[in-house]
Amino acid sequence: MEVINLLEEVNKIAELYTYKKVGFLNGNILSMVQVENRTLDFHIHENSDELFYVVEGSFYLETEEEKTKVNTGEFIIVPKGVKHRPVVNELTKFLMIELSGTLNKENSGNLYED
């Protein structure tokens with residue numbers, strides 16, 4: 001067992017848009033990432049939910065029905081099968097929790113850092 005400080009871990013990431021794995025939980029990967037001025041294409045994760053926890057900053061989560069702002073200290077869960085896209089204007093630091101194998105270049109445009 002290990003104590004992880006989310007802000008310290010995300011601040012260790014040297015580049016934007018690079019995921020750093022910080023833990024594993026019941027088949028899920030916990031990853032940290034820093035994002036700025038980025039809008040991903042709408043996409044769907046057919047087999048897993050996705051959690052975005054904002055460590056610092058804010059972003060919008062868009063679905064076909066609505067646009068929701070998520071601020072520092074808040075999280076939002078995107079249920080599997082929901083078409084969505086994150087819209088990030090300011091520097092925002094995230095913890096993301098996803099089923100192992102969900103994130104990849106093809107569905108997120110991002111890379112992992114081990």
Side-chain angles (χ1 to χ4, degrees):
M1 293 190 304
E2 180 182 356
V3 174
I4 303 292
N5 181 297
L6 296 179
L7 191 54
E8 286 177 12
E9 289 300 317
V10 77
N11 285 334
K12 290 179 186 175
I13 301 171
E15 297 178 13
L16 297 175
Y17 323 117
T18 299
Y19 286 83
K20 178 177 180 6
K21 297 175 191 171
V22 295
F24 300 91
L25 176 70
N26 298 321
N28 291 282
I29 296 176
L30 287 75
S31 302
M32 306 297 303
V33 65
Q34 297 186 59
V35 179
E36 186 175 27
N37 297 322
R38 187 85 171 247
T39 299
L40 295 181
D41 292 335
F42 277 101
H43 61 281
I44 296 172
H45 301 290
E46 296 288 352
N47 299 312
S48 69
D49 301 333
E50 181 176 36
L51 181 141
F52 295 86
Y53 171 75
V54 178
V55 176
E56 189 176 279
S58 66
F59 82 109
Y60 291 93
L61 194 287
E62 288 187 11
T63 65
E64 293 179 300
E65 291 80 35
E66 63 185 330
K67 183 176 181 179
T68 305
K69 187 171 186 184
V70 186
N71 297 301
T72 299
E74 298 178 333
F75 70 85
I76 190 165
I77 298 172
V78 180
K80 67 182 173 184
V82 172
K83 190 180 225 181
H84 66 284
R85 72 176 180 181
V87 177
V88 183
N89 297 316
E90 63 182 82
L91 178 62
T92 303
K93 301 174 182 186
F94 295 95
L95 168 69
M96 296 182 63
I97 302 175
E98 299 183 291
L99 189 61
S100 181
T102 299
L103 271 180
N104 58 58
K105 290 184 200 179
E106 288 73 38
N107 71 16
S108 71
N110 295 296
L111 304 171
Y112 271 113
E113 174 183 289
D114 286 321

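Checked options I44, T63, V78; the residue passing with K83 is I44 (criterion: side chain to side chain contact (heavy atoms under 4.5 Å, CB included)).
No donor-acceptor pair closer than 3.5 Å links the side chain of N89 to the backbone N or O of N37. No donor-acceptor pair closer than 3.5 Å links the side chain of S31 to the backbone N or O of K21. For E74 (side chain) and N71 (main-chain N/O), a donor-acceptor pair under 3.5 Å exists by modelled atom type. The backbone N or O of T72 lies less than 3.5 Å from no partner atom in the side chain of Y53, so there is not a single donor-acceptor pair.
Here E46 does not pair with K80 in a salt bridge; the nearest charged N to carboxylate O distance is not below 4.0 Å.
Looking at heavy atoms from C-beta onward, Y60 lies out of side-chain contact with T68 at the 4.5 angstrom threshold. Using a 4.5 Å heavy-atom cutoff, the side chains of Q34 and L91 are in contact. Residues V10 and L95 fail the side-chain proximity criterion, which asks for heavy atoms closer than 4.5 Å. Counting only heavy atoms from C-beta outward, the side chains of L51 and E98 never approach each other to under 4.5 Å. Side-chain contact between N11 and K93 is present, with heavy atoms from C-beta onward closer than 4.5 Å. No side-chain heavy atom of E56 sits under 4.5 Å from any side-chain heavy atom of F94. Between P86 and M96 the shortest side-chain heavy-atom distance does not fall below 4.5 Å. Using a 4.5 Å heavy-atom threshold, the side chains of K20 and V33 count as separate.
A pairwise comparison of heavy atoms in L99 and G27 identifies CD1-O, 3.3 Å as the closest pair.
A single hydrophobic cluster is seen to contain both L6 and L30, as judged by linkage of ILVMFWY side chains at heavy-atom distances under 4.5 Å, directly or through other members. One hydrophobic cluster, built from ILVMFWY side chains closer than 4.5 Å, cannot hold both I77 and F42; they sit in different ones.
Donor-acceptor pairing under 3.5 Å is recorded for the side chains of E90 and S58. Side-chain atoms of H84 and E50 include a donor-acceptor pair closer than 3.5 Å.
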Starting from the C-alpha separation in whole Å, work towards a yes-or-no answer on side chain to side chain contact (heavy atoms under 4.5 Å, CB included) for V54 and T92.
CA-CA 7 Å; V54 178; T92 303; 3.8 Å; yes

After noting the C-alpha distance and the side-chain angles of R85 and T39, does the key distance pass the side chain to side chain contact (heavy atoms under 4.5 Å, CB included) rule?
CA-CA 7 Å; R85 72 176 180 181; T39 299; 3.8 Å; yes

Hey, mind stepping through M32 and V55 against side chain to side chain contact (heavy atoms under 4.5 Å, CB included) and telling me if it holds?
CA-CA 9 Å; M32 306 297 303; V55 176; 3.8 Å; yes

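In this structure, F59 and F52 have tilted ring planes: the angle between them lies in the 30° to 60° band.
To the nearest 0.5 Å, the span separating CG on N28 from CD1 on I97 amounts to 7.0 Å. The OG atom of S100 sits 12.5 Å away from atom CG of N26, with the distance rounded to the nearest 0.5 Å. Distance NE2/H45 to CG/N47: 10.5 Å, rounded to 0.5 Å.
Applying the ring pair (Phe, Tyr, Trp, His ring centres under 6.0 Å) test to every pair with at least one member in residues 63-83, sequence neighbours left out, gives no pairs at all.
Scanning for side chain to side chain contact (heavy atoms under 4.5 Å, CB included) contacts around N5 gives L7, E8, with sequence neighbours left out.
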